[in-house]
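Here's the structure we're looking at; comments come further down.
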Amino acid sequence: MKEHIIGLIESAIAELKNNGTLHADTDPRVSVENTKDKSHGDYASNVALALAKSAGKNPRELAQLICTALPASDKLEKTEIAGPGFINFFMNSDSCFEVLNTIFTQSDRFGHSNVGAGKKVQVEFVSANPTGPLHVGHGRGAAYGASVADLLEAAGYDVHREYYVNDAGRQMNILAASVWLRYLELHGAKFQFPSNGYKGGYVVEVAEALKASFGDKFIHPIDAVFDNIPADEPQGGDKELHIDALIARCRELLTSEGYKQVFDQGLNEIVGDIRDDLAGFGVQYQQWFSEASLAEDVNRAIEKLQSAGHIYESEGALWFRSTDFGDDKDRVVCRDNGETTYFASDIAYHLNKFERGFEQVVNIWGADHHGYIARVKAALTALGIDENKLTVKLVQFAILYRGQERVQMSTRSGSFVTLRELREEVGNDAARFFYVTRKSEQHMDFDLELAKSESKDNPVYYIQYAHARICSVMRKLAEAEYQWTEKDGLAAIDALTLEQERDLATKLALYPEVLQAAAINHEPHQIANYLRELASDFHTYYNSNKVLVDEDAVRNARTALCMATKQVLLNGLKLLGVAAPSEM
RNA sequence: GCGCUCGUAGCUCAGUCGGAUAGAGCAACGGCCUUCUAAGCCGUGGGUCGUAGGUUCGAAUCCUACCGAGCGCGCCA
């Protein structure tokens, strides 16, 4: 419809150019927007305002000229000039309810588009270190990323969802050592657990699984384990040196084969747990990408940068001159001990992404990683890849409240609130919805009490209830032994004469546009807000008008409007990963 | 100190490409169940869009400076 109006205006402008009213070179993009106020019609355009200056006419006069030059349209009831020179377009009733036919025809694909044109896009999200269960902070990235991916798919992109598993590096070694020490405890060893080790209860569970799989295989006398290990922090030593020495001892005593078994036990148990957790949250991936599998790519990436002249050596380390590409400082890619850095892996990973043929890459990161964007983009540019193909979306942390009271989270103590606990407490639907109801870069307060409440305060229930109400009407319709088909409904569409019916249909017609904007801007909250408005319009209508009236035409038409609403609610909720219950 | 993300009603937040009188929900107050689910609906009040300049027909939106909040600034991941 909007395109239709743009077309009308464009041909009007073309005509004004022909008769010399407008300069031939004036070629502004025609802007048509949805009106906020119904008295302004259904659509409005500001072309006259935008062109007034170059045409040397006042805006209202020019608007009048454009209006007279508009070709006739059977979709419009009238046009008006208003305010400083806006042109308002009023749709006629038929074109207003055309959308019902479209919705029935396209059903679960209503709102989908092909703006993505099958472009391959990768969405990488969550990617939390597999050193422990996901906590509530990861939940927001999970809900957001999953919805963004679904939105892009609905917009015609070929979407690949990926989780980058940080299965290399020091943190994982600390986990392996922690698992092994807990395993020794299970076999009766007594000692002070390292202050920098992973202390969460899940480590003990992994140790138990290790014991179940391998029995006594990894037992060593505790004196041998702690012999000549530098003191831990509580004993006046350095906690980093202490844990590093324990890792080295672990490798030494278990040999590389045994160490790998312990390491893999931890990795697999925890990745498995994360995978189950996310699956329970309705979040699925096409691929779980292992950092460790990049080993060769890392060297290749560094060599590539080297041959392009972007690497130099200093203080025994290899540095990437990222300052040439807008970064604050140069970055080490290979340490003086010969080990490559995490950043080097990340360069390789991003190179790998583009080598796999993704035309667009979307990374969803916690806001604390924002300092990383510049260097990754610098690396891409240095590798000859257009940095604009990478979009990084930052997700701010959610602060949990229980009513007025802030819920404290502390990772160190191991007593943090896990995503799983959150899901069990408030339910998947409320959690998914609440996480995406605010724009991602906005700080968010997450009130557990509100998310749990089954009342009108809770927007999730409000929207779901609208869907359930329509399902209920359909059950009543069947009980009353009325017959209804989409065809009957569409045939009776003239019976929709109320203003509220028109408002509701107009809102339905807006959905494809909202979906497209939400997809392009990676903003699922637009869907959440839209659904709330749609539910509100529906409740208003439903409350003041009976659907199942005796008169066949009115009943059939209203039922059609309800069914169309039901479809759009369902489509929208699905994109947010929220269920659409048929009764509540 | 430098950088990133922000600052909109008492609270939580929308506000799309710069458009008309800045919107929702909650909270507050007042109404509506004999009727398809009251998990709902209707109404009222509530604003210096952090501050000060600038850009223009027009600024919550764009630019600059400042104030305030959070985060980041490692040969950790």
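A, B, ... follow the sequence lines: proteins, then strands. Residue 1 opens every chain.
- Atom NZ of A:Lys476 and atom P of B:U35 are 11 Å apart (whole Å).
- Nucleotides B:A24 and B:U44 are separated by 11 Å at their P atoms, to the nearest Å.
- Atom C1' of nucleotide B:C41 and atom OH of A:Tyr541 are separated by 15 Å, given to the nearest angstrom.
- The pair A:Arg558-A:Glu501 meets the salt-bridge criterion, since a charged nitrogen lies less than 4.0 angstrom from a carboxylate oxygen.
- Stacking is not found between A:Tyr542 and the pyrimidine-like six-membered ring of the B:G40 base under the 5.5 Å centre-distance and 30° plane-angle cut-offs.
- OP1 and OP2 of B:C2 both lie 4.0 Å or more from every side-chain N or O belonging to A:Lys329.
- The heavy-atom pair separating A:Ile463 from A:Ala535 by the smallest distance is CA-CB, 4.0 Å.
- For the C1' atoms, the distance from B:G68 to B:C62 is 22 Å, rounded to whole Å.
- Under a 4.0 Å N-O distance rule, the pair A:Arg170/A:Asp244 qualifies as a salt bridge.
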Going by atom type alone, with no hydrogens or angles, which donor-acceptor pairs under 3.5 Å involve a side-chain atom of residues 315-327 of chain A and a protein atom two or more places apart or on another chain?
{"from": "A:Trp319", "atom 1": "NE1", "to": "A:Ser314", "atom 2": "O", "distance (Å)": "3.1"}
{"from": "A:Ser322", "atom 1": "OG", "to": "A:Asp327", "atom 2": "OD2", "distance (Å)": "2.9"}
{"from": "A:Ser322", "atom 1": "OG", "to": "A:Lys329", "atom 2": "O", "distance (Å)": "2.8"}
{"from": "A:Thr323", "atom 1": "OG1", "to": "A:Asp330", "atom 2": "OD1", "distance (Å)": "2.7"}
{"from": "A:Asp327", "atom 1": "OD1", "to": "A:Arg331", "atom 2": "NH2", "distance (Å)": "3.2"}
{"from": "A:Asp327", "atom 1": "OD2", "to": "A:Arg331", "atom 2": "NE", "distance (Å)": "2.8"}
{"from": "A:Asp327", "atom 1": "OD2", "to": "A:Arg331", "atom 2": "NH2", "distance (Å)": "3.4"}

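- Distance A:Leu504 CG to B:C41 C1': 15 Å, rounded to the nearest Å.
- Residue A:Ala367 is in sugar-phosphate contact alone, with no base atom involved, counting any heavy-atom pair closer than 4.0 Å across all strands shown.
- Across all strands shown, A:Ala518 has no heavy atoms under 4.0 Å from either base or sugar-phosphate atoms.
- A:Asp328 comes within 4.0 angstrom of no nucleic acid atom, judged by non-hydrogen atoms across all strands.
- Rounding to whole angstrom units, CD of residue A:Gln396 and P of B:U12 are separated by 15 Å.
- Taking the charged nitrogens against the carboxylate oxygens, A:Lys38 and A:Glu499 do have a contact shorter than 4.0 Å, which makes a salt bridge.
- Applying the 4.0 Å criterion to OP1 and OP2 of B:A14, one finds that A:Arg532 has every side-chain N and O outside that range.
- The C1' atoms of B:G10 and B:G47 are separated by 12 Å, rounded to the nearest whole Å.
- Following rounding to the nearest Å, A:Asp368 (CG) and B:C76 (C1') show an atom-to-atom distance of 13 Å.
- Separating the CH2 atom of A:Trp365 from the P atom of B:G72 is a distance of 15 Å, rounded to the nearest angstrom.
- A salt bridge links A:Glu124 and A:Lys353; the closest N-O separation between the charged side-chain nitrogens and carboxylate oxygens is under 4.0 Å.
- Across all strands shown, A:Tyr372 has heavy atoms under 4.0 Å from base atoms, whether or not it also approaches the sugar-phosphate.
- Residue A:Gln442 has no polar side-chain atom (N or O) positioned under 4.0 Å from OP1 or OP2 of B:G70.
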A:Glu291 vs A:Tyr164, side-chain contact (heavy atoms from CB on, under 4.5 Å): CA-CA, chis, key distance, verdict: CA-CA 7 Å; A:Glu291 179 188 350; A:Tyr164 182 53; 3.2 Å; yes
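- In this structure, A:Phe86 atom CZ and B:G58 atom P are separated by 13 Å, rounded to whole Å.
- The side chain of A:Thr540 places an N or O atom within less than 4.0 Å of a non-bridging phosphate oxygen (OP1 or OP2) of B:C42.
- Rounded to whole Å, the separation between the P atoms of B:A59 and B:C63 comes to 16 Å.
- Listed pair A:Lys439 / B:G15 meets the phosphate criterion, a side-chain N or O lying under 4.0 Å from OP1 or OP2.
- Heavy atoms of A:Gln464 sit nowhere under 4.0 angstrom from any nucleic acid atom.
- Base engagement by A:Ala468 is indicated by at least one non-hydrogen atom pair under 4.0 Å involving a base atom.
- Counting only residues at least two apart or on different chains, no salt bridge (Lys or Arg N to Asp or Glu O under 4.0 Å) pair has a member in residues 466-477 of chain A.
- Taking 4.0 angstrom as the limit, A:Tyr462 places none of its side-chain polar atoms (N or O) nearer than this to OP1 or OP2 of B:C26.
- A:Asn545 comes within contact range of at least one nucleobase, with a heavy-atom separation under 4.0 Å.
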Give the dot-bracket line for RNA chain B from 5' end to 3' end: parentheses for intra-strand Watson-Crick or G-U pairs under 3.5 Å, square brackets for crossings, | for inter-strand pairing, dots for unpaired. (((((((..((((.....[...)))).(((((.......))))).....(((((..]....))))))))))))....
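- Note: CG (A:Asp346) to C1' (B:G74) measures 15 Å, nearest angstrom.
- Base engagement by A:His40 is indicated by at least one non-hydrogen atom pair under 4.0 Å involving a base atom.
- Across all strands, A:Arg170 comes closer than 4.0 Å only to sugar-phosphate atoms, never to a base (heavy-atom distances).
- Where A:Gln526 and A:Asn46 each meet RNA chain B at their nearest nucleotide, the meeting point lying more 5' is that of A:Gln526.
- Taking for each of A:Ala82 and A:Arg335 the nucleotide of RNA chain B with the nearest heavy atom, the 5'-most of the two is the partner of A:Ala82.
- Taking the six-membered ring for Trp, A:Tyr43 and A:Phe90 have ring centres at least 6.0 Å apart.
- Here B:C73 is in the anti range [glycosidic angle more than 90° from 0].
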